[in-house]
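Reviewing the structure listed below.
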Amino acid sequence: MSQRRQYPFHLIEPKWQAAWDAAQTFRAWNPGEALPAEHPFAQRHGLAGKTPGAAELPPKFYILDMFPYPSGAGLHVGHPEGYTATDILARYRRARGFNVLHPMGWDSFGLPAEQYAVKTGQHPRKTTETNITTFKRQIKALGFSYDWSRELATTDPEYFRWTQWIFLQIYSSWFNPETNRAEPISTLKYPPELENVGQASRLSQTSSEGKGDGDRRDACPTDLEERRRAYRDSLRLAYVSEAPVNWCPELGTVLANEEVIDGKSEVGDFPVIRRPMRQWMLRITAFAEKLLNDLDTIDWSDSLKEMQRNWIGRSEGAEVDFQIAECGMRNAECDQRIRVFTTRPDTLFGATYMVLSPEHKLVDKIATPEQRKAVEDYKAFAATKSDLERTELAKEKTGVFTGAYAINPVNSERIPIWIADYVLISYGTGAIMAVPAHDTRDFEFATKFNLPIVQVVQPPDPKTDWRGFVDDGTSVNSTGPEISITGLSTPEAKQKITAWLESKGLGKKTINYKLRDWLFSRQRYWGEPFPIVWKDGHHQALPESALPVLPPPLDDYKPTADGQPPLARAKDWVNLPDGSTRETNTMPQWAGSCWYYLRYLDAKNGRRFVNSSTEKYWMGGYAAPFPKGQVWCKEMRELFEYAYARGARKRRRLAFAYVGASQAEQIKSATGLETCGMFHTIDSYAINHVRKRHSDEYLETKRGQIPVSAEDYLLLPEVVTAPDRIEHLGKTHQGLDVIGFAKQINGTLLVVEEVHAGRNLLAVVTLYKRKMPAASGVAIGTCSFTSETLRRTAINYNHELPPHKPELSAPAFDSPEFRDSQTRGMSPTPGIDLYVGGTEHAVLHLLYARFWHKVLYDLGHVSTPEPFFKLVNQGLILGEDGQKMSKSRGNVINPDDILKDYGADAFRLYEMFMGPLEMVKPWNTKGVEGVYRFLGRVWRLFVDEASETEFEQNCAAQPERAAEFLAQIKLSPAIKDVAATPAQLKTLHACIKKVTEDLDGLRFNTAISAMMVFANEALPWETKPVAMLREFMILLQPFAPHLAEELWSKLSGVFSAESKAQSRKPNVGPADAPATLDLGPWTLDLAYQPWPPFNPAFLVEDTIEIPVQVNGKLRDVIRVAANASQAEIETAALKAEKAQQFLAGKTVKKIIVVPKKLVNVVVV
RNA sequence: GCCGGUGUGGCGAAAUGGCAGACGCACGGGACUUAAAAUCCCGGGACCGUAAAACGUCGUGUGGGUUCGAGUCCCACCACCGGCACCA
């Protein structure tokens, strides 16, 4: 585009960016920091010159963007999508009176810089710094309100000093299953055989352990001490393993399982092979249960939570031991057992053979001489297959018989033992019992190799073929000499058989996870070195005083010829004077991004990774002022409306909520109510269960529809055996009946609510309480989340909030933290209030960071168990052709080009206007022009045309002085200090309402369209009341901050008290009546001006239009008084002109009047 | 195969169970201009009508259902996108 600019954004944008930088406008203040008197934040909150603590500061709002890797390619239009969204919210929250933390930094370790170094010899730091400079320049050009004083980079030694420190915390800890948390390794108790100690070794133990392993003095070299060390090291959260790893020869490094996609490296798509290597591992599996359960306490999208759940992959089942009956070993050695894991112990009677993974350690021992050759061949065959081949060629099952047999413990049947590669060594025990009748894979295998298939489960529908039936049913053919489960339902059968196995010592109930421990070392140069040294074959932690461990300078960044990591080249660095040697692996890129959000809180702290009171302020939520149960009580009454409304919007009718046991008890005793909790998720499990339970006849009578009733819930397996309680809980505000069913099961409570209107079932709300960790942060965060959303929902739905007992809820919103009325109803949350980023981090970064955070939480270093309370995934932006943007397709949009043509404000606006944040949407540069034109209209709403023409002529004549001339542009003479007309007030307040609600709901696109409507309506006004435009600027400011600042400064130049005092009064006519400006003073920065309050009174009209329907079809529109009675509306509707032909000759059966909405006449 | 998400004009999209298509793009017509750009005004779901309208019928992936009324709720499908996948 080459036409004239809509407005001089090229002058305005740099001007304000420089001004914000100079004034540090967006600095966020920590508790205990002295606030400069002139800073607008201090002025807004009456803290000028003070040094407020956490209690005096306004409520915090921590809004975070995902950590960018500064690549050489520069910014991409996808980056600013999330950044713009967070920036708009940061600015909005600032206006609402929050202390907003909105930081940015660099995840700057990374492979590209290292590969460039390998090729050219240029130090990766150099490349990294150049890239950061580019990224920062591009990001700053967009006018984001980041607090740049907190900028950080993972490659900065002052940053990775603390990354290494956290590693040492992990290294020096173990997971105590009794307390269910990470603890210092010093709390580890040795087993009895290591406990019988002499004086010397006891001393040795206390002296080395008491200092958290920081002490490198030589241990007493007794055998006992050696064994103790081995024991300790085997339980650390960071440990060394010799297991096979994913080695990528091309990249010269190992990769974590998650970094390998279809047998190729995620980065570069290079082949990956398995190879045994000594590696550092982090024991993330110890946290699997917590990582899974705590998903219920945070506000993430269902799909993201589901991805994490799938990744963790919890499955409940039993381990069962099978005795080997005959094998290739001598009889004495044959007395071995094979342990299998199964989720279906109820199918044990159908186990007709066993399968070991080819890598299973018993394979060689049990293979009979006749089969040995075949087994060896098959093992070789399986070993040559890469992971890729194993999955892609999965169509055909392969395997060989070992010649050995095992005994099925339930019926003493002799069953053959096979090996096959469809059984993975890495999952469960590496061995299975095969039940071909009820497992798809076993069925295929058995069919191919002609193994017997025995039915043990009867499908509920007799027409269903039992062969390959894998769902729940009824056990059949399941009676042995000692145990029978025939006739039992699948859940009952599982329970009974497992109990029997346990009693006989043949097996036990077990939980398995797909999640593996985290492979934490990489053979790279450009990463954090481990703060670890090796001596006499043992690893030791370096003391904190040795941090940061810097990578040594190198001439060559390649791995060594013998396959050692690049760091091994630095002999002087590796070999220490005391004879110990340094660890030469480095940490993976994920390490730095696991905790960066904590460093932002206190980025310059040289003594600690983050000051703990600072951490509490930004991450802690407001645990103290909220007596737990009381707040929950207050939410109680509102929960139904919320769940119902949200369920309706999400096209769902079921909702689950979870709540901690202690809270529930408090609430119950305080109110007598049973239900409380956080709206959680829809559970398809319940729906499926209900479907399965019903017979065909029943389903038929419902003509394909299955009303999921509360009664159905009572038949969930968890509930079956409990006594029930059914009661009428009351009515909704609409007068609909709410019926509750409550069940007490083993200390947990299931509550179901149903809502009926006549015979229609409108909704089922299920509040399903189960045991939850009773961490205070969880409860409070859950509460505030519920509260805010409820409040909004109630407003949206025009519901009156149900009254609640003030003595129960008073602390919540009248505490000092909420003294600013602007922040009322928007309470802070524990952890990060909002985290925005792409889905690509769904499992890696988010799972790792949660893990580190939980370790730090258990060790008492941070105050919440979860780091990211609310997380939103932005949708991908596609190219203009609807394809993914990529260099090869040539459809990549460079933000720099857009900025040059349309400016940052238009770019920001377009990024948000494209559609909902979470959606995938194609870029369309033409669309930028639409929002750009809108900004032009806003500009013309304010400025005097003649002076702008003059400005342009001057610029053309002397382009170098353009910035100076900007001041010559005058305010439009139509802007006056007069009272607004009712119509104008209506226009403005409709806009305030929509923008406010949409920002709370992250609906940026519709907020922008509301502002467009305002501009379109305001443009023709002959007189523009300054108060209108002023408030509109505050609304626009989060979206288009540069333009808003410029116009604001022009407004204040003319209308501020000081200007008036100087009686310049240019272009201002006599004021009819001064408009009341009840907002902040002109002297306060626009960025800190209070958000305009919405006044519904201005939207009220005397008469309203009401559509008239006849039999549900629109026939006419009538105009009636806004307060017209039902009867009046009915009368008017029957008289409606255009409706007459549809009413003539018919009998009016019924008239439905929806107040202020519509009238529908039913005729026959 | 399993899990999650999404289907509405030529396009991006909007609609607490209550006037489908707000807002914007593209397009068409007009005003201004020597002209173009910019700007401003008007018009655009389909069909049937008509000089043009009005009126009418149909219309939110498909087929059913609930309801006075369904894009929205329920059931069964279909398509596309994303994730996981011999996980026992």
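Values below: every heavy atom of this structure, side chains too, minus hydrogens, waters and symmetry copies. The sequence lines fix the lettering, A, B, ..., with proteins before strands; numbering per chain opens at 1.
A side-chain donor from one of A:Arg937 and A:Asn1016 sits under 3.5 Å from a side-chain acceptor of the other. For the residue pair A:Ser972/A:Asp944, the side-chain donor-acceptor check at 3.5 Å is not satisfied. Side-chain N/O atoms of A:Gln308 and A:Trp300 include no donor and acceptor closer than 3.5 Å.
Checked by distance alone, A:Lys1149 brings no side-chain donor or acceptor within 3.5 Å of a matching partner on the base of B:C68. Side-chain atoms of A:Lys1113 and base atoms of B:U57 include no donor and acceptor less than 3.5 Å apart. In this model, a side-chain donor or acceptor of A:Gln1109 finds a partner on the base of B:G18 within 3.5 Å.
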_Audit row: A:Asp998, A:Thr1006, side-chain hydrogen bond (donor to acceptor under 3.5 Å, both in side chains) steps and yes/no_ = CA-CA 7 Å; A:Asp998 285 352; A:Thr1006 49; 2.7 Å; yes
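Applying the side-chain contact (heavy atoms from CB on, under 4.5 Å) criterion to A:Glu319, with sequence neighbours excluded, gives A:Arg339, A:Phe341, A:Thr429, A:Lys508, A:Thr510.
Checking A:Met919 against A:Thr1006, the closest nucleotide of RNA chain B that is more toward the 5' end is the one next to A:Met919. Each of A:Ile1008 and A:Leu1158 was matched to the nucleotide of RNA chain B holding its nearest heavy atom; the match closer to the 5' end belongs to A:Leu1158.
Among the protein residues, A:Asn1160 comes within range of the nucleic acid bases, having at least one heavy atom under 4.0 Å from a base atom. A:Asp442 comes within contact range of no nucleotide atom at all, as no heavy-atom separation falls under 4.0 Å. Here A:Gln6 lies in heavy-atom contact (under 4.0 Å) with sugar-phosphate atoms only. Using a 4.0 Å heavy-atom criterion, one finds that A:Arg314 contacts no nucleic acid atom at all. A:Val1013 comes within contact range of the sugar-phosphate backbone alone, with a heavy-atom separation under 4.0 Å but no base atom that close. As judged by a 4.0 angstrom heavy-atom cut-off over every strand, A:Lys514 is placed among the base-contacting residues. Residue A:Asn512 is out of contact with every strand shown, counting any heavy-atom pair closer than 4.0 Å. Base engagement by A:Lys1157 is indicated by at least one non-hydrogen atom pair under 4.0 Å involving a base atom. If you check every strand for non-hydrogen atoms under 4.0 Å, A:Ser303 touches sugar and phosphate atoms only. Using a 4.0 Å heavy-atom criterion, one finds that A:Thr839 contacts no nucleic acid atom at all.
Using atom C1' as the reference point in both B:G45 and B:U8, the two lie 10 Å apart (nearest Å). B:G10 and B:A85: their C1' atoms are spaced 40 Å apart (whole Å). B:C3 and B:C68 have their P atoms separated by 35 Å, with the value rounded to a whole Å. Spacing of C1' atoms, B:C55 relative to B:C47, comes out at 14 Å, to the nearest Å. Here, B:A38 and B:C32 have their C1' atoms 11 Å apart, quoted to the whole Å. A distance of about 15 Å separates the C1' atoms of B:G9 and B:G43, rounded to the whole Å. B:G71 and B:G17 have their C1' atoms separated by 11 Å, given to the nearest Å. B:U60 sits 16 Å from B:A79 when the C1' atoms are compared, rounded to a whole Å.
A centroid separation of 6.0 Å or more is found between the aromatic rings of A:Tyr910 and A:Phe907. Centroid-to-centroid, the aromatic rings of A:Phe445 and A:Tyr422 come within less than 6.0 Å.
In this entry the base of B:G12 is anti relative to its sugar, with a glycosidic angle more than 90° from 0. Glycosidic torsion of B:G9 falls within 90° of 0, placing the base in syn.
Inter-residue side-chain proximity for A:Pro358 and A:Phe381 is flagged as unmet; no heavy-atom pair is nearer than 4.5 Å. In this structure, A:Asp442 and A:Leu451 have side chains that are not in contact, with every pair of non-hydrogen atoms separated by 4.5 Å or more.
With a cut-off of 3.5 Å on both pairing distances, the Watson-Crick and G-U wobble pairs of RNA chain B assemble into stems of 3 or more at B:1-7 with B:78-84, B:10-12 with B:23-25, B:27-31 with B:39-43, B:45-47 with B:56-58, B:61-65 with B:73-77.
One can place CD1 of A:Ile425 at 16 Å from P of B:A88, the figure rounded to the nearest angstrom.
Within residues 430-439 of chain A, the residues that have a heavy atom under 4.0 Å from RNA chain B are, in order of number, A:Ile432.
Partner A:Val995 forms a side-chain contact (heavy atoms from CB on, under 4.5 Å) with one of A:Phe1039, A:Phe1014, A:Phe1004 and no other, that one being A:Phe1039.
Remark: A:Asn1005 is in phosphate contact with B:A14, judged by side-chain N or O atoms under 4.0 Å from OP1 or OP2.
A:Tyr7 does not carry A:Arg5 over the face of its six-membered ring by the limits of under 6.0 Å from the centre and within 45° of the normal.
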